[in-house]
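Beneath this line is the structure, given in structure tokens, with notes to follow.
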Amino acid sequence: RADPKVADTILRNGLNNRYRVLEVSVIQRNGSDPEKHLTITASPSLEETELCILRNGWESVPVVPGDIVHLEGECSSGTWVINAQCGYLVLYPDLLLSGTTISNSIRCMRRAVLSERFRGSESGSRQMLVGTILHDIFQQSVTNILTQEKVQELANKIVYGQKYLKEMYQLNLKQAQIMQEVEEYLPSFFKWAEDFMHNPANQNKMQLKLSNGGKTEDVSSNIEIVDILDIEENIWSPRFGLKGKIDVTARVKIHCQSGVQSRIMPLELKSGKESNSIEHRSQVILYTLLNLERRVDPEAGFLLYLKTGTMYPVSGARMDRRELMKLRNHLAFYLTHSTCKSDVGKQNSQLSALPPVIDDSQACKYCSQMNNCFLYSRAVEQNMASVAFPPAMVPVIDRETQHLKPSHLEYFSLWYLMLTLELQSGEHKKGYKNIWMIPSLEREKAGDCVGNMIRVDEVDEISEGQYLHFFQRRNGAVPGTNLLVGDRVVVSGEEKGLLGLATGYVREVSATKVSCLLGRNLSHLPENTVFRLDHDEGDVGTGVPFENLSKLMRDSPVSERLRNLIIDFQKPHFIQHLSTVLPPQAKETVANILKGLNKPQKQAMKQVLLSKDYTLIVGMPGTGKTTTICALVRILSACGFSVLLTSFTHTAVDNVLLKLAKFKVGFLRLGRAQKVHPDIQKYTEEEICRSRSIKSVTDLEELYNSQPVVATSCMGVNHPILVRKQFDFCIVDEASQISQLICLGPLFCSKRFVLVGDHQQLPPLVLNAEARDLGMSESLFKRLEQNQNAVVQLTVQYRMNSKIMSLSNMLVYEGKLECGSEKVSNATVNLPNLKKLKLDLGDPSKTWLKEVLDPDTPVCFLNTEKAGCKPSDIGIISPYRHQLKTITDLMAKWKENRVEVNTVDKYQGRDKSIIIVSFVRNSMDENLGTLLKDWRRLNVAITRAKHKLVMVGCVPSLCCYPPLEKLLCHLQSQAMISFFCTLVWERGEVRLTC
DNA sequence: GCTCTGCAGAGAGGA
């Protein structure tokens with residue numbers, strides 16, 4: 001009951017009810033099937049309980065106390081009955097599972113569960129791409145009622161357009177090949193249209209089970225498609241815990257003996273073999289359920305095979321729907337219970353078993369999840385007493401995983417567990433469910449949503465599949481919001497049932513309007529539709545690390561090499577002489593570049609050139625990491641090497657590129673242009689393809705091969721270039737801040753790698769405490785640092801004056817940091833109005849300010865209001881967000897307010913002339929909190945200032961934290977403490993005492 | 001005990 005996963009769930013009655021299960025009991029009566037009785041409640045106090053009785057197979061639903069369920073059906077005097085004839089129980093209804101996921105689980109649920117974790121395991125195939133293209137052509141043809149000639153034209157436009165070029169490049173296919181395949185289908189398109197769209201009296205009799213006047217009857221009827229209402233309609237159903245995209249939503253006339261019926265029905269297109277299989281039919285049945293969210297029950301749908309133009313009716317009979325929903329519940333159970341607490345009394349989590357391995361080696365042979373499936377059984381399940389494998393599969397599993405050592409299996413299961421725990425923490429915080437569980441007005445308060453919007457102006461198709469929409473607040477101005485340009489949004493209708501209409505990106509936010517680039521054109525919706533735009537936190541970055549973990553375990557030379565280096569700590573190798581790597585013609589260029597570097601930087605260049613495996617560059621604060629990376633890229637490319645340049649954030653990548661752009665080194669920037677620095681946008685693939693109007697695979701390939709330097713974020717590893725190309729070097733900036741498995745991504749497509757970072761600064765963020773304790777915040781940089789022969793340190797810094805530097809030197813760097821020049825060492829802050837100001841400070845109560853303002857004082861307080869330096873030169877940092885809010889609010893009164901206020905964490909990688917650190921803490925409580933216990937956070941905090949570092953805090957309180965205690969001791973011994981100020985709160989006023 | 005960045009992604013077929 002204390003499960004945090006459900007602790008914050010909103011319970012309620014009614015159509016979209018949510019019940020908490022309090023008790024589960026199995027009732028076994030003589031001679032009849034067992035029943036399951038659930039004691040449930042929809043009241044937050046858990047007091048008013050109801051009873052739910054599960055019968056006729058529903059008792060198999062794996063529901064346990066604490067679970068959240070949704071009930072469909074009827075409740076009479078506090079009792080729900082879910083049986084063969086009526087009602088549904090939906091387990092974890094806020095977990096929406098897609099139609100394909102559920103139909104894929106019919107044969108093997110294990111595969112369906114694995115596919116949810118390892119999304120990119122299927123790299124796609126020719127058939128799939130052709131399928132996607134055929135869908136597109138068909139959908140556009142029927143929507144626009146095109147003639148045969150026009151359809152041919154459209155096919156040409158799509159195949160020879162830019163839309164699918166990337167996929168074609170990835171699969172190494174030619175456009176002509178695709179076109180040839182596509183053309184074979186076109187005659188069937190026309191045949192279908194002839195049969196069903198333009199010919200009401202067609203001879204294609206179909207058997208349809210439909211309700212009529214209260215009873216269901218099997219009717220023989222003629223089907224006529226009269227109107228196409230939507231294509232790719234996206235429906236989220238929090239009632240059934242389902243989601244899906246419906247190929248075609250059509251108005252259908254059903255002509256039968258008793259008359260004509262008109263219905264809106266789903267049409268599912270298939271370009272493969274005409275199998276009419278249970279999987280295909282199940283998909284249609286699930287779509288009939290999805291339709292309930294928006295319209296009356298269609299009761300049936302159609303399966304259309306594009307190869308032949310044959311259309312099969314599929315009824316959404318109660319029995320089939322019921323079985324599919326039970327399947328969904330099982331899937332939801334496995335996805336939700338991916339970890340469990342080990343033996344009673346212990347608090348440690350461990351991985352749960354997946355759905356069992358099926359006994360069908362024939363089916364497994366072609367399964368895209370085979371590797372992950374066997375890996376999980378070998379690394380995780382083989383040690384579980386409760387898991388038995390089909391005997392025939394045991395040797396297969398062993399054979400397919402024999403390339404892995406015990407250390408590899410251990411690494412896999414540890415990281416799989418940590419990633420899963422972290423995923424659960426993320427789901428708990430974010431997730432889509434807020435969109436349907438919390439009204440827009442309420443979500444607006446937190447800034448995550450803008451509701452009550454109507455669409456204005458025309459929808460503008462910017463490029464294929466990208467529609468620019470404009471929204472305006474129905475009454476008044478757009479409220480204050482966190483929505484920023486470039487953020488992902490989900491557009492829904494305020495009216496229920498219109499969830500997830502489209503997703504896209506924010507283009508512009510003004511006081512009156514929000515414009516968004518969406519994947520679907522919403523202009524077909526009624527003009528008075530009221531929308532809400534929700535900030536889409538999505539489940540970003542959850543798939544990539546799982547995917548990388550799976551890749552690392554593959555039976556391939558690249559993966560084996562990385563396993564040896566990363567898991568088994570194999571010593572990195574270096575070659576002896578530079579002459580063997582340095583081409584004669586590059587010598588002069590390289591020498592010139594080296595001239596601009598200091599000694600440790602030069603050493604770093606040499607080390608990288610000599611490396612056969614990897615190099616770690618420790619970039620202490622202010623030591624010119626960006627300059628070093630920039631020089632490194634120039635040298636490597638002068639030597640003829642290809643380079644993949646990455647970092648976790650777009651900002652970090654662009655920082656290097658901004659510098660690099662000044663030199664004659666060409667590069668290609670991957671990633672969404674919206675997320676890229678404006679000055680770098682012209683180097684993005686998106687921009688280049690637009691400006692050169694690239695429309696053939698050949699041209700695209702040429703572009704991809706044109707630059708030896710490619711830059712992208714670590715998450716962008718699924719780009720086709722990285723799938724097909726191998727680079728000589730991969731450089732990862734800010735590597736000490738990147739989670740191990742995310743950092744691993746770009747390394748698969750490179751022969752050698754360079755990690756740049758500083759493990760004395762903040763590690764990757766890990767939300768889940770247990771995962772953190774298990775070691776999840778260990779970056780790859782930190783892990784490999786134990787191989788000291790691969791490490792070079794940049795120790796000469798150009799940021800801080802000597803006094804500021806000395807703090808960090810004492811704290812963590814053991815005196816290794818040195819100033820780059822006298823100028824740096826002696827630099828002080830320039831305060832032009834100081835003289836005048838000092839006169840104003842005659843009041844004895846302000847003497848402390850005088851001292852504080854003295855440029856020769858490294859530790860002090862500064863009044864930015866009158867001192868006369870630019871506010872933009874000042875940064876205020878604190879470990880705590882709430883403190884920043886208070887400071888920001890206090891400063892809001894000022895006319896000109898350009899002082900940047902931010903968290904320590906956010907200031908990493910940046911600097912300012914003057915930094916004011918507010919340590920906040922002012923109590924001797926036992927509750928210390930963890931933020932200030934971290935040496936790395938303190939190190940970051942005190943190494944941001946170039947000329948003046950002002951720290952504010954309560955000395956005795958702060959002495960409880962070991963890192964601060966050390967710092968304060970040092971300050972005292974250096975006589976810097978006398979200037980230290982204590983910040984005291986009294987009745988909401990800030991008073992400074994010395 | 002309070003720190004937060006990444007990003008399209010449901011479905012494209014195959015046995």
Side-chain angles (χ1 to χ4, degrees), chain A residues 96-101 103-104 107 115-116 119-120 122 124-136 164 167 232 234-236 243-247 268-273 275 277 279-280 283 307 360 362-368 425-426 429-430 465 486-488 490 500 502-505 518-519 536-545 647-652 671-672 674-675 713-718 734 737-739 742 745 762-767 769 777 878-884 902-908 925 927-934 936-937 940:
Chain A
L96 307 188
L97 296 178
S98 75
T100 40
T101 297
S103 54
N104 274 333
R107 293 222 179 172
S115 306
E116 288 286 297
R119 280 161 175 243
E122 305 175 60
S125 64
R126 198 190 79 249
Q127 288 92 332
M128 283 174 168
L129 178 56
V130 172
T132 310
I133 293 174
L134 284 167
H135 272 68
D136 199 351
Y164 298 102
E167 284 95 332
E232 294 288 306
N234 190 47
I235 304 183
W236 291 349
K243 65 183 168 188
K245 280 188 174 161
I246 295 164
D247 283 337
E268 170 64 17
L269 313 177
K270 295 288 172 197
S271 58
K273 220 183 249 171
S275 63
S277 65
E279 282 87 352
H280 288 177
Q283 234 176 306
K307 210 172 231 167
D360 185 349
Q362 203 54 30
C364 296
K365 217 157 77 186
Y366 300 100
C367 175
S368 56
S425 282
K429 285 207 164 166
K430 301 171 184 175
D487 279 355
R488 283 186 58 82
V490 178
T503 57
Y505 294 86
L518 303 176
D536 177 11
E537 289 121 342
D539 48 16
V540 279
T542 53
V544 171
S647 184
F648 189 43
T649 61
H650 290 289
T651 325
R672 280 192 62 84
Q674 284 256 26
K675 291 282 182 184
S713 79
C714 283
M715 304 292 268
V717 287
N718 286 325
E734 309 271 10
Q737 263 191 293
I738 309 175
S739 180
I742 292 174
L762 287 165
L765 183 79
V766 177
L767 297 169
S777 59
S878 169
Y880 304 96
R881 231 167 222 293
H882 278 291
Q883 176 74 354
L884 300 176
N902 231 324
T903 56
V904 178
D905 301 58
K906 282 216 165 183
Y907 249 100
Q908 180 154 332
D925 273 1
N927 293 334
L928 289 181
T930 52
L931 288 193
L932 285 173
K933 282 185 190 159
D934 197 319
R936 297 162 296 195
R937 184 167 285 108
V940 171

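Protein chains get the first letters and strands the later ones, always in sequence-line order, with residue 1 at the start of each. Here the structure is a predicted model, which is why all the values come from computation and not from measurement.
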Checking B:dA10, B:dG6, B:dC4 against the side chain of A:K243 (C-beta onward), the nearest is B:dA10
Could you list the residues that satisfy side-chain contact (heavy atoms from CB on, under 4.5 Å) with A:T903, not counting sequence neighbours?
A:R881, A:L884, A:D905, A:K906
Check every strand shown and say whether A:G519 touches a base, only sugar-phosphate, or nothing at a heavy-atom separation below 4.0 Å.
nothing
Once you apply a heavy-atom cut-off of 4.0 Å, does A:S125 come out as touching a base, just sugar-phosphate, or nothing?
nothing
Which residue lies toward the 5' end of DNA chain B, A:K245 or A:Y366, if each is placed at its nearest nucleotide?
A:K245
Starting from P on B:dG13, measure out to CD on A:Q127 and report it in whole angstrom.
10 Å
If the P atom of B:dG1 is compared with that of B:dT5, how far apart are they to the nearest Å?
23 Å
Considering only B:dA8, B:dA10, B:dG6, which nucleotide approaches the side chain of A:T651 most closely?
B:dG6
Which nucleotide in B:dG14, B:dC4, B:dA12 has an atom nearest any side-chain atom of A:T132
B:dA12
Could you tell me the separation between the NZ atom of A:K270 and the C1' atom of B:dA12, rounded to a whole number of Å?
8 Å
How would you label the contact of A:R937 with the nucleic acid (heavy atoms, under 4.0 Å): base, sugar-phosphate, or nothing?
base
Rounded interatomic separation in angstrom, taking CG from A:L134 and P from B:dG11
18 Å
Looking at every strand, decide which applies to A:Y907 at a 4.0 Å heavy-atom threshold: base, sugar-phosphate, or nothing.
nothing
The correct list of stems in which DNA chain B takes part (3 or more consecutive Watson-Crick or G-U pairs, distances under 3.5 Å) is none
For B:dA10, take OP1 and OP2 only and decide whether either is under 4.0 Å from a side-chain N or O of A:T101.
no
For A:H280, all residues meeting ring-ring contact (aromatic ring centres under 6.0 Å, His included), sequence neighbours excluded:
A:Y305
From CD of A:Q737 across to P of B:dC4 the rounded distance in Å is 11 Å
How long is the span from the CD atom in A:E232 to the CG atom in A:D136, to the nearest 0.5 Å?
8.0 Å
Selected nucleotide, minimal atom distance to A:Y880 side chain, candidates B:dC2, B:dG9, B:dG13
B:dC2
Along DNA chain B (nearest heavy atom to each residue), the more 5'-positioned of A:Q362 and A:D247
A:D247
Could you list the residues that satisfy salt bridge (Lys or Arg N to Asp or Glu O under 4.0 Å) with A:R126, not counting sequence neighbours?
A:E181
Value in whole Å for how far the C1' atom of B:dC4 lies from CZ of A:F648
9 Å
So do A:N104 and A:S115 actually touch side chain to side chain, heavy atoms under 4.5 Å?
no
Determine the contact category for A:K273: base if any of its heavy atoms lies under 4.0 Å from a base atom, sugar-phosphate if only primed atoms, P, OP1 or OP2 are that close, otherwise nothing.
sugar-phosphate
Provide, to the nearest angstrom, the distance between the CZ atom belonging to A:R119 and the C1' atom belonging to B:dA12.
15 Å
Of the candidate nucleotides B:dA10, B:dG6, B:dA15, which contains the atom at the shortest distance from the side chain of A:H650?
B:dG6
When you look at A:Y880 and A:L932, which way does the side chain to side chain contact (heavy atoms under 4.5 Å, CB included) test go after all the steps?
CA-CA 10 Å; A:Y880 304 96; A:L932 285 173; 3.8 Å; yes
Taking only residues two or more places apart in sequence, or in another chain, which ones meet A:D487 in a salt bridge (Lys or Arg N to Asp or Glu O under 4.0 Å)?
none
Just so I know, are the side chains of A:Q737 and A:T649 near enough to count as touching, which here means a heavy-atom distance under 4.5 Å?
no
Taking the P atom in each of B:dC4 and B:dA8, what is the distance between them to the nearest angstrom?
23 Å
Side chain of A:L931, heavy atoms from C-beta onward: which of B:dG6, B:dA8, B:dT3 has the nearest atom to it?
B:dT3
Under 4.0 Å, heavy atoms only, any strand: does A:K675 hit a base, just the sugar-phosphate, or nothing?
nothing
Give the rounded distance in Å between these two atoms: OH of A:Y164 and P of B:dG11.
15 Å
Looking only at atom P, what distance separates B:dG11 and B:dC7, rounded to whole Å?
24 Å
How is A:E232 classified with respect to the nucleic acid when contacts are heavy atoms under 4.0 Å: base, sugar-phosphate, or nothing?
nothing
side-chain contact (heavy atoms from CB on, under 4.5 Å) with A:Y505: which residues, sequence neighbours excluded?
A:R488, A:R672
Base, sugar-phosphate or nothing for A:E268? Non-hydrogen atoms, less than 4.0 Å.
sugar-phosphate
B:dG13 OP1/OP2 closer than 4.0 Å to side-chain N/O of A:S271:
yes
Check every strand shown and say whether A:S98 touches a base, only sugar-phosphate, or nothing at a heavy-atom separation below 4.0 Å.
sugar-phosphate
Would you mind reading off the distance between A:D136 atom CG and B:dG11 atom P, rounded to a whole angstrom?
16 Å
